Amino acid sequence: MDKKPYNPGAPRPANNGPRPQQPARRDPRQQKQAPNNINEHIRAREVRLVGDNVTPGIYPIQQARSIADELELDLVEISPNAEPPVCKILDYQKYLYQQKKKAKEIKAKAAKVVVKEIRFGPQTDDHDYNFKLKHAVGFLQEGSKVKAYVFFKGRSILFKEQGEVLLLRFANDLEDYGKVEQMPILEGKRMTIMISPKKK
């Protein structure tokens, strides 16, 4: 039984003891993913504290760390390039989780492209055209793409030039709200144009 402490322990634990692990109690697990300097990794001599749980102001780094320790939270450097650096006292793991969640939501929104379809006949009258134009304006304003197409039934394919003129007129009437992503192209019995919303 006496032999067990010697083999796994080797000289290092005997010299250093378990104590050096204590100062970095929260840091080791955060260091891998930490985009911010936290706790003992903040190198500035003094920092500006902001947030709801402290009196805002400039503090010596040791005092700022002590306040964080008292609150059992982390001292997090949120603006390292400011003079002095700006820090917040918060639960860093919770903060990272919220940041990841926020980034995920933004990514999901960006990836979600909604395409609304609007159908015309080759000889659409003005009333029907204006009604559909109004809908297209609404779609583009809400951030959706508009896929407008003219459907040619039977012999109406003979009016394909008329269909193209209609779609180009439609794109022109929407130029304040969207930009043409794809010019009119004929695919089978459909001539299609794609309009994407203008960035605000």
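This structure is a prediction, so every number in the text was calculated from the model and none was measured.
In this structure, CG on Leu174 lies 10.5 Å from NZ on Lys198, to the nearest 0.5 angstrom. Between the CE atom in Met183 and the CD atom in Glu164 there is a gap of 7.5 Å [rounded to 0.5 Å]. Here CG of Leu133 is found 8.5 Å from OH of Tyr177. Values are rounded to the nearest 0.5 Å. Atoms OG1 and CD, from Thr192 and Glu117 in turn, are 8.0 Å apart once rounded to the nearest 0.5 Å. A distance of 11.0 Å separates CD1 of Ile185 from CG of Leu167, quoted to the nearest 0.5 Å. To the nearest 0.5 Å, the span separating CD1 on Ile193 from CG on Leu168 amounts to 5.5 Å.
Looking at every heavy atom in both residues, Ala64 comes nearest to Val47 through CB-CG2, 3.7 Å. Across all their heavy atoms, Arg48 and Pro84 have their closest contact at N-CG, 4.0 Å. The two residues Pro197 and Leu140 make their nearest non-hydrogen contact at CB-O, 3.4 Å. Taking both residues in full, the closest heavy atoms of Ala148 and Phe120 are given as CB-CE1, 4.2 Å, listed atom of the first, atom of the second, then distance. Here the closest non-hydrogen pair linking Glu142 and Lys116 is OE2-CE, 3.4 Å.
Side-chain atoms of Asn39 and Tyr92 include no donor-acceptor pair closer than 3.5 Å.
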Problem - Lys107/Lys104 under side chain to side chain contact (heavy atoms under 4.5 Å, CB included): CA gap, chis, key distance, verdict - result: CA-CA 5 Å; Lys107 196 177 177 184; Lys104 205 173 179 183; 5.7 Å; no
Problem - Step-by-step side chain to side chain contact (heavy atoms under 4.5 Å, CB included) determination, Val150 to Thr124 - result: CA-CA 9 Å; Val150 178; Thr124 301; over 6 Å; no
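Both Val50 and Ile38 belong to a single network of hydrophobic side chains, linked directly or stepwise wherever heavy atoms of I, L, V, M, F, W or Y lie under 4.5 Å apart. Cluster membership for Val165 and Val146, using ILVMFWY side-chain heavy atoms within less than 4.5 angstrom, is not shared.
Here the side chains of Gln162 and Leu166 are not in contact, with every heavy-atom distance at 4.5 Å or above. Using a 4.5 Å heavy-atom cutoff, the side chains of Ile42 and Pro85 are not in contact. A heavy-atom distance below 4.5 Å is not found between the side chains of Leu73 and Leu90. The side-chain heavy atoms of Lys88 and Val54, taken from C-beta on, include no pair separated by under 4.5 Å.
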Donor-acceptor contacts, no H, no angles, side chain residues 125-132, under 3.5 Å, sequence neighbours left out:
{"from": "Asp125", "atom 1": "OD1", "to": "His127", "atom 2": "N", "distance (Å)": "3.2"}
{"from": "Asp125", "atom 1": "OD1", "to": "Asp128", "atom 2": "N", "distance (Å)": "2.8"}
{"from": "Asp128", "atom 1": "OD2", "to": "Lys132", "atom 2": "NZ", "distance (Å)": "3.4"}
{"from": "Tyr129", "atom 1": "OH", "to": "Arg169", "atom 2": "O", "distance (Å)": "3.4"}
{"from": "Tyr129", "atom 1": "OH", "to": "Phe170", "atom 2": "N", "distance (Å)": "3.3"}
{"from": "Tyr129", "atom 1": "OH", "to": "Asp173", "atom 2": "OD2", "distance (Å)": "2.6"}
{"from": "Asn130", "atom 1": "ND2", "to": "Asp126", "atom 2": "O", "distance (Å)": "3.1"}
{"from": "Lys132", "atom 1": "NZ", "to": "Arg119", "atom 2": "O", "distance (Å)": "2.4"}

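Within a 6.0 Å sphere centred on CG of Asp52, heavy atoms belonging to other residues, nucleotides or ligands number 12 at most.
Looking at Asn36, its side chain does come within 3.5 Å of a backbone N or O of Glu77 through a donor-acceptor pair. Under a 3.5 Å cut-off, the side chain of Asn53 and the backbone N or O of Ile89 do form a donor-acceptor pair. Under a 3.5 Å cut-off, the side chain of Arg43 and the backbone N or O of Asn37 do not form any donor-acceptor pair.
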